[in-house]
> 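Below: one structure in structure tokens.
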Amino acid sequence: MDGTAGVSGHRHADEALLDDPDRLAERDPGGMLRFTASAGAQVRESAALAAEANLSVLTDDLRPRAVVVAGIGTAARTGDVLATVAGPRCPVPVISHRSAGVPGWVGAADVVIAVSASGRSPEALGAAEAAHRRGARLVAVGAPDSQLQSVAERARAPFIPVPRRAPARASLWALTVPVLLAARSLGLVKVNEADLAETAARLDADADRCRSTAESFVNPAKSLALGLAGSIPIVWGSSPLATVAARRFGDTLSANARYPVVSGALGEAGRGRVGLLDGVFGGLFESARDIFADPGSDDGDGDATRLRLVILRDGGLNAEDDTDEPLAVEERRADAVQTLAERRGVRCDVVTAEGGSALERLASLTAVPDFASVYLALAHGLDPMAVPAITEMKELANQ
């Protein structure tokens, strides 16, 4: 391969495309928009499948010393969700493990949750095998009739079959719900059926707001995509929950739209990365721009790249929540960063969490960004389902 095989699209976003549902459908032959809209259905289906699995065996033994969630990519992100939903008062550590095998200290006192959308990722398979050898309790989540299911059956461990109806990166909720319900059986999280139902309803409602037939001026995902077009996105979360959503947005922007992204926690950003706002793509660029120019024009700098800040704000369920730091501190920090951006002319989008549970609030912070990453890809003429570099990387790595 010459490094460009299968690569298509255009550098500048076609804004008009986003308000043409027929052209959108033509540019999305694999149906990534449809898969993204299935998030609510994923919650309901996975909850039903987990209820049919024999998770009650997890309650037979004592509380584990630690829980390791093993996988790669979106599968590993489920561990981050679990740790965040469990919160700082979780009685045991929850660790996301993103390489084959398990940490050296894992033993009979621990639980390993191996997650793979395909059921064949080396990371999940290696973790499941290692957990079985070391006598750790195992739970496996993945495609039915897969290698991962075979390992779970040999280990006589619970297996939650998740039919692969979408690419892994569009299956966050299908993979996350079984992990949460396994943790509930271990006594680590309080996620009830009402939380799941409200989360699914939230995802359904956001999918309706972000549907392809809704025009850009009323569609929050299309508006966010157009704001990000041609920029270097910086996505920061104001709380641990919002930070998981921020990193998820970084994942989807990179995989779907092929955009380079800086993502992470706003607290960490304040210790150094906030300096990006002063740099050559931030304040230095904006200070040289004609303030009287049309906001939609770069005034001669058509190829200039600038920062675009996205802040995901949580706000917490109430001021008495058990959090790593006071809610007021998170809020002041988010306000301060928005002010810094405004002073430097760096444009900023804010997505604010809504909902009555941690899970629903997380859903409210991921739904619109997930759609935005797909719309941004389509605006550039990219097929969000087909990523030639990933295919080529697998071929080269397996030679």
Side-chain angles (χ1 to χ4, degrees), residues 35-36 38-39 41-58 64 67-83 85 94-103 106 110-134 136-186 188-189 191 196 248 251-252 255 385 390 394 398:
F35 292 136
T36 304
S38 73
Q42 291 178 28
V43 171
R44 287 184 283 269
E45 181 180 40
S46 288
L49 292 169
E52 295 173 1
N54 187 23
L55 294 179
S56 61
V57 299
L58 298 175
V67 173
V68 175
V69 181
I72 196 71
T74 302
R77 196 63 73 199
T78 65
D80 300 335
V81 174
L82 172 57
V85 172
V94 176
I95 298 164
S96 292
H97 186 68
R98 290 172 163 83
S99 56
V102 293
V106 169
D110 306 302
V111 169
V112 173
I113 305 177
V115 186
S116 170
S118 66
R120 61 175 186 270
S121 78
E123 294 78 15
L125 289 171
E129 295 277 12
H132 179 40
R133 287 196 306 271
R134 298 187 189 187
R137 280 180 282 171
L138 171 66
V139 181
V141 179
D145 302 318
S146 63
Q147 293 171 269
L148 186 58
Q149 181 171 0
S150 297
V151 174
E153 289 173 350
R154 288 201 306 272
R156 297 183 179 179
F159 177 78
I160 303 173
V162 178
R164 191 167 189 188
R165 307 191 190 283
R169 63 183 180 276
S171 304
L172 174 68
W173 293 98
L175 299 174
T176 294
V177 170
V179 171
L180 292 173
L181 294 182
R184 183 178 71 177
S185 296
L186 293 166
L188 305 185
V189 294
V191 175
L196 294 172
R248 162 68 178 177
D251 294 343
T252 57
M385 281 282 286
I390 294 177
K394 290 178 180 178
N398 292 329

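In this chain, residues are counted from 1 in sequence order.
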> Nearest heavy-atom pair of Val69 and Val94: which atoms, and what distance?
CG2-CG1, 4.4 Å
> Within a strict 4.5 Å, meaning less than it, do heavy atoms of the Pro163 and Leu49 side chains meet?
yes
> Counting only heavy atoms not in Arg98, do more than 12 fall under 6.0 Å of its CZ?
yes
> Tell me whether Arg169 contacts the main-chain N or O of Asp251 through its side chain, where contact means a donor paired with an acceptor under 3.5 Å.
no
> Which heavy-atom pair separates Val68 from His97 by the least distance, and what is that distance?
CG1-CB, 3.6 Å
> Rounded to the nearest 0.5 Å, what separation is found between the CG atom of Leu172 and the OG1 atom of Thr36?
11.0 Å
> Between Leu196 and Ala47, which heavy-atom pair has the shortest distance, and what is it?
CD1-CB, 4.0 Å
> Could you check Ser38 against Gln42 for side-chain hydrogen bond (donor to acceptor under 3.5 Å, both in side chains), going step by step and ending with a plain yes or no?
CA-CA 6 Å; Ser38 73; Gln42 291 178 28; 3.0 Å; yes
> Hey, which of Thr78, Val43, Val191 is the one that makes side chain to side chain contact (heavy atoms under 4.5 Å, CB included) with Val177?
Val43
> First locate atom OG1 of Thr74, then atom CZ of Arg248, and finally report the distance between them rounded to the nearest 0.5 Å.
5.0 Å
> Look up atom OG in Ser185 and atom CG in Leu180, then write down how far apart they are to the nearest 0.5 Å.
11.0 Å
> Can you confirm whether Pro178 sits close enough to Val162 that some side-chain heavy atom of one is under 4.5 Å from a side-chain heavy atom of the other?
yes
> What closest approach, in Å, do Leu58 and Ala182 show between heavy atoms, and which atom pair accounts for it?
CD1-O, 3.8 Å
> So which atom in Trp173 and which in Ser46 form the shortest heavy-atom distance, rounded to 0.1 Å?
O-OG, 4.2 Å
> Checking the side chain of Ser96 only, and the main-chain atoms of Asp80 only, is there a donor and an acceptor separated by less than 3.5 Å?
yes
> Check whether any side-chain heavy atom of Ile160 sits under 4.5 Å from a side-chain heavy atom of Pro158, and report yes or no.
no
> To the nearest 0.5 angstrom, please state how far the CG atom of Leu82 sits from the CZ atom of Arg77.
13.5 Å
> Measure from the side-chain N and O atoms of Gln149 to the backbone N and O of Asp145, and report whether any donor-acceptor pair falls under 3.5 Å.
yes
> Is the backbone N or O of Ala143 less than 3.5 Å from a side-chain atom of Arg164, with the two atoms forming a donor-acceptor pair by type?
no
> Which heavy-atom pair separates Ala50 from Leu181 by the least distance, and what is that distance?
CB-CD1, 3.6 Å
> How about Val102 and Asp110: do any of their side-chain heavy atoms sit closer than 4.5 Å?
no
